[in-house]
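Taking it in order: structure first as structure tokens, then the write-up.
Along the sequence shown, residues carry numbers from 1. In this text, all values refer to a predicted model and were calculated from it rather than measured experimentally.
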Amino acid sequence: GESVFTGSPKNRRHNIAVGIAKFDGHLIPQGSVFSFVETLGPVNAKTGYRKELVIQGDETIPDYGGGLCQVSSTAYRGPWEYGLPIMQRKNHSYAVTYYSPQGTDATIYPPNVDMKFLNDTPGALLIQAFTDDRDRAYFVYYGTRDDRRSDVFGPFITGRVAAPKEERIVYSADPAKVAPGERKKVSDRHDGLKATWFRSIATPGSGAVLQAFFSAYQTRPLAYVIGVEPGDSRLTNPDDTSGAASSAPSNE
């Protein structure tokens with residue numbers, strides 16, 4: 001598996017380096033299900049991570065481990081291309097440039113969102129994980145090759161929807177997010193689209209099996225959060241100090 005993280009800010013690069021080191025030398029026993037989140041372990045300041053952008057609901061804001069999806073997407077691509085059974089994989093809520101071509105990303109957010117695959121090769125798999133000076137991340141899996149043949153085709157892009165031209169404004173009385181009177185950008189514009197990949201897996205004597213991998217990415221407007229005092233009439237919900245909706249986050 002390979003990915004490119006050119007243009008990543010300092011904290012994102014740091015988190016990628018810390019995260020990828022967790023997997024170098026890891027052994028996946030034959031017949032076992034590999035869990036990215038379980039192998040990664042806790043993600044916080046104590047385990048060496050810094051705050052960087054993560055997707056949280058309609059916002060992209062700093063949190064510990066931002067950038068770890070670069071690691072999980074890289075880890076996903078090798079087993080997916082080789083034809084190993086993918087047990088769990090979720091795409092990002094919107095199309096992130098770092099994970100081009102779209103439809104080959106795998107978002108994670110411990111402990112709820114994971115990437116898992118089954119090692120159904122004849123033996124154990126040993127991971128070599130590293131980055132190079134060209135801003136590329138790699139996961140190399142060493143094991144016993146079997147007689148399967150896997151080919152992937154895509155992406156087939158459909159349903160493209162342009163990002164809204166209007167800005168989205170959210171008011172928040174949470175000082176940990178934004179100070180009263182401060183204006184902070186929490187999302188860039190992103191077009192919505194659907195990406196489909198097909199994987200053909202063939203083994204001698206049993207023919208080929210065709211599988212589809214579907215990803216749907218939402219549109220995102222340019223969005224800002226503005227800090228206000230508690231009780232301000234502009235809050236989305238006067239009883240909610242955040243003023244913003246929440247959904248499952250991911251480590252962008």
Side-chain angles (χ1 to χ4, degrees), residues 1-3 15-44 47-49 65 67-92 99 101-132 136-155 195-215 248 250-251:
E2 179 182 349
S3 70
N15 291 338
I16 291 171
V18 172
I20 209 164
K22 304 284 186 181
F23 297 88
D24 190 36
H26 180 73
L27 192 68
I28 308 171
Q30 194 278 333
S32 68
V33 173
F34 168 82
S35 164
F36 184 93
V37 166
E38 181 180 333
T39 307
L40 178 68
V43 177
N44 50 50
T47 52
Y49 295 99
L68 283 175
C69 287
Q70 190 82 45
V71 184
S72 59
S73 294
T74 312
Y76 164 73
R77 290 174 175 178
W80 170 66
E81 291 182 8
Y82 186 71
L84 300 185
I86 304 301
M87 313 303 290
Q88 185 176 341
R89 174 259 172 184
K90 179 179 175 62
N91 62 273
H92 288 74
Y99 310 128
Q102 301 304 332
T104 64
D105 59 324
T107 185
I108 57 100
Y109 197 88
N112 302 311
V113 183
D114 200 355
M115 188 280 289
K116 298 180 179 181
F117 63 84
L118 172 66
N119 174 16
D120 66 346
T121 69
L125 292 174
L126 176 67
I127 298 176
Q128 182 184 21
F130 60 97
T131 60
D132 65 14
R136 295 177 182 271
Y138 300 91
F139 267 67
V140 183
Y141 295 86
Y142 294 92
T144 303
R145 182 179 295 277
D146 54 21
D147 55 6
R148 83 184 77 193
R149 175 178 176 179
S150 176
D151 296 290
V152 294
F153 310 92
T196 303
W197 286 79
F198 293 95
R199 183 173 75 168
S200 174
I201 304 175
T203 54
S206 61
V209 175
L210 188 65
Q211 302 171 333
F213 292 80
F214 178 77
S215 302
S250 66
N251 285 100

Check whether any side-chain heavy atom of Leu84 lies under 4.5 Å from a side-chain heavy atom of Leu118, and answer yes or no.
no

Under 3.5 Å, side chain of Tyr138 to main-chain N/O of Thr74, donor-acceptor pair present?
no

Who passes ring-ring contact (aromatic ring centres under 6.0 Å, His included) against Phe23, sequence neighbours left out?
Phe36, Phe139

Over all atoms of both residues, closest heavy-atom pair of Thr107 and Asn91:
CG2-O, 3.5 Å

Hey, is the main chain of Ala106 close enough, under 3.5 Å, to the side chain of Ser73 for a donor-acceptor pair?
yes

When rounded to the nearest 0.5 Å, the distance separating CZ of Arg77 from OG of Ser3 is 5.5 Å

Examine distances only and state if a side-chain atom of Asp151 and a backbone atom of Ser200 form a donor-acceptor pair shorter than 3.5 Å.
no

Minimum heavy-atom separation for Gly123 and Thr121, please, with both atom names.
O-OG1, 2.9 Å

Donor-acceptor contact present, side-chain Arg199 to main-chain Trp80, <3.5 Å
yes

Nearest atoms (heavy-atom pairs only) where Tyr76 meets Thr104:
CD2-O, 3.6 Å

Closest heavy-atom contact between Val33 and Met87?
CG1-CG, 4.2 Å

Return the CG to CD1 distance between Leu68 and Ile20, rounded to the nearest 0.5 Å.
10.5 Å

Tell me whether Glu38 at atom CD has more than 12 heavy atoms from other residues, nucleotides or ligands lying less than 6.0 Å away.
no

Is there side-chain contact between Ser215 and Gln102, with heavy atoms separated by less than 4.5 Å?
no

For Val37, is there any backbone N or O sitting under 3.5 Å from a side-chain donor or acceptor partner on Asp114?
yes

First locate atom CG of Leu126, then atom OH of Tyr141, and finally report the distance between them rounded to the nearest 0.5 Å.
11.0 Å

Salt bridge between Asp105 and Arg89, side-chain N to carboxylate O under 4.0 Å?
yes

Would you check if Trp197 and Gln211 make a side-chain contact, meaning some heavy-atom pair closer than 4.5 Å?
no

Any heavy-atom pair between the side chains of Gln128 and Asp24 that's under 4.5 Å?
yes

Note, Ile86 side chain near Met115 side chain (heavy atom, < 4.5 Å)
no

Under a 3.5 Å distance rule, please check whether Glu81 uses its side chain to pair with a backbone N or O of Ser150 as donor and acceptor.
no

Would you name the heavy atoms of Cys69 and Ile108 that are closest together and state the gap between them?
SG-N, 3.4 Å

Who are the ring-ring contact (aromatic ring centres under 6.0 Å, His included) partners of Phe198, not counting sequence neighbours?
Phe156

Distance, nearest 0.5 Å, that separates CG of Asn119 from CD1 of Ile28
6.0 Å

Any heavy-atom pair between the side chains of Leu125 and Phe34 that's under 4.5 Å?
no

Looking at every non-hydrogen atom in both residues, tell me the closest pair between Pro110 and Val43 and how far apart they are.
CG-CG2, 4.0 Å

